[in-house]
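These numbers come from a predicted model, not from an experiment.
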Amino acid sequence: MPHWGGGVKCGACEATVYHAEEVQCNGRSFHKTCFICMTCRKGLDSTTVAAHESEIYCKSCYGKKYGPKGYGYGQGAGTLSSGPPGRFETRQPPQSKPRPASNTDTSANKLSQKFGSSDRCPRCSTAVYAAEKVMGAGKPWHRTCFRCALCGKSLDSTSVTEKDGELYCKVCYAKNFGPKGFGLGNEAMLD
């Protein structure tokens, strides 16, 4: 069969990918319809993709396949290890480290000016672009970061409450910051 078009090939189906239908990930191009998790077949986007070598997964399937295993990670009893079997090591949860200021901040500023974003998400401190921006507490958030600070429930404009710049669902807000006393769901001492 003759080779027409001469464009880049899709990382999944190996057919030519034209610019209008192209999605890029890890230097590879995909058709929008081929940009799906290799395990559960869910459609992916830039916020839900996790790549491993030449394979793409949703973050959930990637965690199940390549994430740490052991007690505390939902995989049953054992050591906390993602290494080969027979090799035992205890893993500490990752510590968040402040990022040192460097010239990468200036390159991030240039990118944000080029692509129209200078906003930073208060939850993850990365750039928030217009396609993924949700406003809450007077600040821009990623849709995936727009969650209750206590229970992690995904929020929307009807379920969000704010206190001291942090987001909460109405249930967690009421439990932790709402009124207390008789008739308000809390025990009270009567004299």
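Of the inter-residue distances, the one linking Y129 atom OH with C121 atom SG reads 12.5 Å to the nearest 0.5 angstrom. Considering SG of C34 and CG of L44, their distance stands at 11.5 Å, rounded to 0.5 Å. Here the NZ atom belonging to K42 is positioned 8.0 Å from the SG atom belonging to C37, to the nearest 0.5 angstrom. In this structure, NZ on K59 lies 7.5 Å from OG1 on T48, to the nearest 0.5 angstrom. Taking CD1 of I56 as the start and CG of N26 as the end, the distance is 9.5 Å to the nearest 0.5 Å. To the nearest 0.5 Å, atoms SG (C25) and CZ (F30) are separated by 6.0 Å.
Applying the side-chain hydrogen bond (donor to acceptor under 3.5 Å, both in side chains) test to K133 and every residue at least two apart in sequence or in another chain returns D119. Under the side-chain contact (heavy atoms from CB on, under 4.5 Å) criterion, E22 pairs with V8, V17, H19, Q24, S29, sequence neighbours left out. Applying the side-chain contact (heavy atoms from CB on, under 4.5 Å) rule to K139 yields the partners P122, W141; only residues at least two apart in sequence or on another chain are considered. Partners of S60 according to the side-chain contact (heavy atoms from CB on, under 4.5 Å) rule, which considers only residues two or more places apart in sequence or in another chain, are C58, K64. With sequence neighbours left out, the side-chain contact (heavy atoms from CB on, under 4.5 Å) criterion links T47 to D45, E132, T144.
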Item to check | Evaluation steps, side chain to side chain contact (heavy atoms under 4.5 Å, CB included), between V49 and Y57 | outcome: CA-CA 6 Å; V49 69; Y57 299 93; over 6 Å; no
Next on the checklist: For E21 and Y18: C-alpha separation, side-chain torsions, deciding distance, then whether side chain to side chain contact (heavy atoms under 4.5 Å, CB included) applies.
Outcome noted: CA-CA 6 Å; E21 59 186 358; Y18 297 99; 3.5 Å; yes
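Remark: the backbone N or O of C13 is not paired with any side-chain donor or acceptor of H31 at under 3.5 angstrom. Side-chain atoms of R120 never come within 3.5 Å of backbone atoms of P140 as a donor-acceptor pair (strictly under, hydrogens ignored).
In the hydrophobic cluster analysis, where Ile, Leu, Val, Met, Phe, Trp and Tyr join through side-chain heavy atoms closer than 4.5 angstrom, M135 is grouped apart from V160.
Nearest heavy atoms, T39 versus C61: CB-SG, 3.8 Å. The heavy-atom pair separating E55 from M38 by the smallest distance is CB-SD, 3.2 Å.
Using a 30° and 60° split on the angle between ring planes, Y62 and H52 fall in the tilted class, from 30° to 60°.
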Would you be so kind as to tabulate the donor-acceptor pairs closer than 3.5 Å made by side chains of residues 164-179, with sequence neighbours excluded?
from	atom 1	to	atom 2	distance (Å)
E166	OE2	R123	NH2	2.3
K170	NZ	T158	O	3.1
N176	ND2	C172	O	2.8

